[in-house]
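Before any comments, here is the structure.
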Amino acid sequence: MTDGTTAAPHSDGPLCRRLAGRTAVVTGAGSGIGLATARRLASEGANVVCADVDTVRGKAAAEETGGTYAETDVTDKEQVEALFRTAKERYGSVDVAFNNAGISPPDDDSILTTGLDAWKRVQEVNLTSVYLCCQAALPYMREQGRGSIINTASFVAVMGAATSQISYTASKGGVLAMSRELGVQFAREGIRVNALCPGPVNTPLLQELFAKDPERAQRRLVHVPVGRFAEATEIAAAVAFLASDDSTFVNATEFLVDGGIAGAYVTPV
């Protein structure tokens, strides 16, 4: 492109079925990265259990992917346990857990202005939910002697920002540390745990946040070497790789899919 940015690559979908016969649980499957990933995993042959608190979107995702919908509040221990039990009972295994549900509310801002209620709400949805999902998935994977857990962290887990969302950043740092610990702890039982660290993604959540403040969006975009935000399908492709046997030696890592943000000092003009 003449403006120095790169366009998102066109894709007609995967040419392989690396996940045939496997069962994948996707939280936050109703939209954004979760929906794109549910589609991608299903196209690669997986039985997909689509978890979302939004019944309409969650059911639509399950119908589109030929999977199963499970209404789930990921901060509720009993509902999370029921989610993974459903996957096991319906399809016979729990092979992949993509623990992706999260929020980024506008009242999570600078530490100087973010209230305790906002802090706690973000921690519950973004971090405690990952703890609950890992806790629920691991017994099935240990019994099988195999499994891949992919937890959605963020590039902000490895970088600082002056445009802070303090609870979001802290929660994603927690996801990263927890994923590393679990990946080490269960490695010799055939279970891999990785933290997916996307850069800014062109999702409804991001669009809503930046539509209210275009200057805020531009301040972030200037730091992306490729000159654009990611598409959800690009993040989904990374999840499919981490879920598959193509990544059997990738474990306990921060898997950056950020367009080069974390590696940049001065970006192209």
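These numbers were taken from a predicted model, which means no experiment stands behind them.
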Is there a side-chain contact between Leu242 and Val250 (heavy atoms, below 4.5 Å)?
yes

Give a yes or no on this: more than 12 heavy atoms of other residues, nucleotides or ligands lie within 6.0 Å of atom CD of Glu181.
no

Stepwise salt bridge (Lys or Arg N to Asp or Glu O under 4.0 Å) test for Arg22 and Asp245
CA-CA 11 Å; Arg22 300 188 187 182; Asp245 289 344; 2.7 Å; yes

Give the cluster check for Leu116 versus Val122: same hydrophobic cluster or not, with ILVMFWY residues linked at side-chain heavy-atom distances below 4.5 Å.
no

Ser167-Gln123 side chain donor-acceptor pair, cut-off 3.5 Å:
yes

Considering all heavy atoms of both residues, which atom of Thr72 and which atom of Ala70 are nearest to each other, and what is their separation?
OG1-O, 2.9 Å

Applying salt bridge (Lys or Arg N to Asp or Glu O under 4.0 Å), which residue pairs with at least one partner in residues 131-154 are found, sequence neighbours left out?
Asp95-Arg146, Arg142-Glu189

Pair Arg90, Thr68 - check side chain to side chain donor-acceptor pair (under 3.5 Å), show working.
CA-CA 9 Å; Arg90 181 66 58 89; Thr68 298; 3.1 Å; yes

With side chain to side chain donor-acceptor pair (under 3.5 Å) as the test, would you mind laying out the steps for Ser93 and Gln144 before giving the verdict?
CA-CA 8 Å; Ser93 64; Gln144 297 163 182; 4.6 Å; no

If every non-hydrogen atom of Trp119 is compared with every non-hydrogen atom of Thr114, which pair is closest and at what distance?
N-CG2, 4.2 Å

Is it the case that the side chain of Arg180 and the backbone of Ala195 share a donor-acceptor pair, with hydrogens and angles ignored and the cut-off at 3.5 Å?
no

Do Leu176 and Val158 come close enough that some side-chain heavy atom pair is under 4.5 Å?
yes

Sidechain-backbone polar pair: Asp258 side chain, Cys197 backbone, donor-acceptor under 3.5 Å
no

Co-membership, hydrophobic cluster, residues Ile235 and Phe229, 4.5 Å side-chain
no

Counting only N and O atoms by type, is there a donor-acceptor contact under 3.5 Å from the side chain of Glu81 to the main-chain atoms of Ala136?
no

Do the side chains of Pro105 and Arg121 get nearer than 4.5 Å, heavy atoms only?
yes

Looking only at atom types and distance, does a side-chain atom of Ser164 sit under 3.5 Å from a main-chain N or O of Ser110, one as donor and one as acceptor?
no

State, with a plain yes or no, whether a side-chain heavy atom of Val175 is found less than 4.5 Å away from one of Leu127.
yes

Side-chain donor/acceptor of Thr37 to backbone N/O of Gly34, under 3.5 Å
no

Over all atoms of both residues, closest heavy-atom pair of Ser129 and Ala101
OG-O, 4.2 Å

Pro200 side chain near Ile261 side chain, heavy-atom distance below 4.5 Å
yes

Any idea which heavy atoms bring Val125 and Gly102 closest together, and the distance?
CG1-CA, 3.9 Å

With a 4.5 Å cut-off on side-chain heavy atoms, are Val257 and Leu196 touching?
yes

Answer whether the closest heavy-atom distance between the side chains of Phe84 and Cys133 falls below 4.5 Å.
yes

Crowding at NZ, Lys88 (>12 non-hydrogen neighbours, <6.0 Å):
yes

Spell out, yes or no, whether Phe98 and Met141 are grouped together once hydrophobic residues are joined by side-chain heavy atoms under 4.5 Å, including indirect joins.
no

Does the Asn202 side chain pair with the main chain of Ala230, one donor and one acceptor, at a distance under 3.5 Å?
no

Exam field: side chain Asp52 to backbone Gly30, donor-acceptor pair closer than 3.5 Å:
yes

d(Gln165 CD, Ile103 CD1) to nearest 0.5 Å is 11.0 Å

Under 4.5 Å between side-chain heavy atoms, hopping through other hydrophobics if needed: is there a path connecting Val130 to Ile150?
no

Give a yes or no answer on whether the side chain of Asp246 reaches the backbone of Phe241 with a donor-acceptor pair at less than 3.5 Å.
no

Close side-chain approach of Val49 and Val26, heavy atoms under 4.5 Å
no

Is there a path of hydrophobic side-chain contacts, each under 4.5 Å between heavy atoms, that joins Val25 and Val239?
no

Main-chain N/O of Tyr168 paired with Asp108 side-chain donor or acceptor, under 3.5 Å
yes

Is the shortest distance from a Lys or Arg side-chain nitrogen in Arg85 or Glu78 to a carboxylate oxygen in the other one below 4.0 Å?
no

Approximate separation, where rounding is to 0.5 Å, of Arg57 CZ and Cys50 SG:
14.0 Å

For Val53, the other hydrophobic cluster members (4.5 Å side-chain criterion, sorted by chain and number) are none

Would you call Glu44 and Arg18 a salt bridge, using N to O less than 4.0 angstrom?
yes

Does the side chain to side chain donor-acceptor pair (under 3.5 Å) test come out yes or no for Arg192 and Thr248, once each step is laid out?
CA-CA 8 Å; Arg192 296 181 295 111; Thr248 50; over 6 Å; no

Let me see the working for Arg219 and Glu215 under salt bridge (Lys or Arg N to Asp or Glu O under 4.0 Å), right down to the final yes or no.
CA-CA 6 Å; Arg219 188 171 181 189; Glu215 184 179 350; over 6 Å; no

Please answer whether the main-chain N or O of Glu231 pairs with a side-chain N or O of Glu234 as donor and acceptor at a distance below 3.5 Å.
yes

Distance only, no hydrogens: is a donor on one side chain within 3.5 Å (strictly under) of an acceptor on the other, for Ser179 and Asn151?
yes

Not counting sequence neighbours, which residues clear side-chain contact (heavy atoms from CB on, under 4.5 Å) with Tyr131? List them please.
Thr128, Gln135, Met178

Separation between OG1 (Thr27) and CG (Leu132), nearest 0.5 Å, reads 11.0 Å

